[in-house]
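Take a look at the structure below.
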Amino acid sequence: MKIAIIYASQGGNTEFAADCIQDGILAKYPFIEVRAMDVGDEAADIDFLAQSDAVIFGSPVYFTSMSWVLKKWFDQSFRIDLSGKVGAAFVTAQSPTGGTDTAIMEIVRHMLAKGMLVCSGAWKERSFQIGAVGLAGQMGQSEKQFEAFGAAVAQLAIARRGG
């Protein structure tokens, strides 16, 4: 089983969150192959994405939206077939009232347009509403939340696969 984490990080907070999500998946499910890819630094591994059972997207919040880097990736990834895969979203922001919910929902809209099955991370638990959120200056306090989010998405992907 494979899970991809696609994110854009400019200040390091979203990268930190992606690493925590990866750690949470591997701590609970060490048999899963997880790859985190910063689409601002490198091209996403298309073969790995094609083989992934789940794809988790992350972005810093800019003007109540996802970053232009992740938006550009979505806009240019129209040939990448993610239909039927479990998808989830996380964001990092300067403030809890800075548009975290609208940024996550924008990522969700893009996942839905790609035919993905959206997971809030609240499967079997009620820890998350629509995705995971980390705040600048408090990322260390969000570490466990991001780890639990990754594990919850992995749990759904495993259940969906019949494992």
Side-chain angles (χ1 to χ4, degrees), residues 1-30 32-77 80 82 85-111 114 116 118-121 127-154 157:
M1 170 170 278
K2 295 181 180 184
I3 295 178
I5 303 169
I6 302 290
Y7 68 94
S9 184
Q10 293 167 335
N13 290 327
T14 309
E15 180 178 16
F16 175 83
D19 290 344
C20 292
I21 290 167
Q22 182 172 2
D23 291 347
I25 294 168
L26 293 174
K28 192 161 184 182
Y29 305 104
I32 295 177
E33 186 178 347
V34 184
R35 189 167 303 160
M37 298 172 249
D38 183 342
V39 294
D41 292 340
E42 61 191 69
D45 183 337
I46 305 305
D47 292 332
F48 191 85
L49 280 171
Q51 298 167 16
S52 293
D53 296 278
V55 183
I56 303 169
F57 294 96
S59 174
V61 176
Y62 287 103
F63 295 100
T64 72
S65 185
M66 75 171 104
S67 77
W68 68 270
V69 176
L70 187 60
K71 172 74 166 85
K72 178 181 173 186
W73 184 88
F74 273 114
D75 289 348
Q76 295 178 343
S77 69
I80 301 171
L82 298 178
K85 296 182 186 301
V86 171
F90 68 97
V91 296
T92 58
Q94 294 297 315
S95 135
T97 59
T100 57
D101 54 345
T102 55
I104 288 175
M105 289 309 296
E106 184 176 6
I107 296 170
V108 167
R109 273 194 354 247
H110 283 76
M111 288 189 291
K114 290 193 140 307
M116 298 182 77
V118 177
C119 169
S120 68
S127 302
F128 310 96
Q129 293 295 315
I130 56 175
V133 175
L135 300 177
Q138 301 174 20
M139 292 303 293
Q141 297 169 9
S142 300
E143 185 174 352
K144 296 296 181 203
Q145 175 204 181
F146 283 117
E147 289 173 355
F149 177 71
V153 174

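None of the values given here were measured: they were computed from a predicted structure.
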Between Asp53 and Val86, is a side chain to side chain contact (heavy atoms under 4.5 Å, CB included) present by the stated rule, with each step listed? CA-CA 6 Å; Asp53 296 278; Val86 171; over 6 Å; no

In this structure, OG1 of Thr92 is separated from CD of Gln138 (nearest 0.5 Å) by 12.5 Å

Compare all side-chain heavy atoms of Ile104 with those of Val61 and state whether any distance is below 4.5 angstrom. no

Nearest 0.5 Å please: distance from the NZ atom of Lys71 over to the CD1 atom of Ile107. 12.0 Å

Using every non-hydrogen atom in the two residues, find where Val91 and Ala103 come nearest and quote the distance to one decimal. CG1-CB, 4.0 Å

Report yes or no: does Lys85 contribute a side-chain atom to a donor-acceptor pair with the main-chain N or O of Val55 at less than 3.5 Å? no

Taking Ser59 for the side chain and Ser67 for the main chain, is one N or O donor matched with an acceptor at less than 3.5 Å? yes

Can you tell me how far CD of Gln141 sits from CG of Leu135, rounded to the nearest 0.5 angstrom? 9.0 Å

Met37 side chain reached by Phe48 side chain, heavy atoms, under 4.5 Å: yes

Partners passing ring-ring contact (aromatic ring centres under 6.0 Å, His included) against Phe57 (at least two apart in sequence or in another chain): Trp73, Phe74

Considering all heavy atoms, the nearest Ala157-Met1 contact: O-CE, 3.5 Å

May I have the list of side-chain donor-acceptor pairs in residues 17-25 shorter than 3.5 Å, sequence neighbours left out?
| from | atom 1 | to | atom 2 | distance (Å) |
| --- | --- | --- | --- | --- |
| Gln22 | NE2 | Val34 | O | 3.4 |

Does a side-chain heavy-atom distance below 4.5 Å link Tyr62 with Gln10? yes

With distance as the sole test, does Ser142 use its side chain to make a donor-acceptor pair with the main-chain N or O of Gly134 at under 3.5 Å? no

Can you check whether Thr64's main-chain N or O pairs, donor with acceptor, with Thr102's side chain at less than 3.5 Å? yes

Between Tyr29 and Ala154, the two heavy atoms sitting closest are CD1-CB, 3.7 Å

Counterpart residues, side-chain hydrogen bond (donor to acceptor under 3.5 Å, both in side chains), relative to Asp38 (two or more places apart): none

Looking at Pro30 and Ala27, what are the two nearest heavy atoms and their distance? CD-O, 4.4 Å

How long is the span from the CD atom in Glu147 to the CD atom in Gln145, to the nearest 0.5 Å? 10.5 Å

Considering all heavy atoms, the nearest Ala93-Thr100 contact: CB-CG2, 3.6 Å

Looking only at heavy atoms, the pair that brings Gly131 and Phe149 closest together is CA-CE1, 4.0 Å

I'd like to know whether Thr14 forms a side chain to side chain contact (heavy atoms under 4.5 Å, CB included) with Phe90, so could you lay out the CA-CA distance, the side-chain angles of the two residues, the decisive distance to 0.1 Å, and finally the verdict. CA-CA 9 Å; Thr14 309; Phe90 68 97; 3.7 Å; yes

Interatomic spacing from CD1 in Ile46 to OG in Ser77 - rounded to 0.5 Å: 8.0 Å

Value for CD1 (Ile80) from CD1 (Ile6), rounded to nearest 0.5 Å, stands at 7.5 Å

Is there a side-chain contact between His110 and Met66 in this structure, where contact means two heavy atoms from C-beta onward sitting under 4.5 Å apart? yes

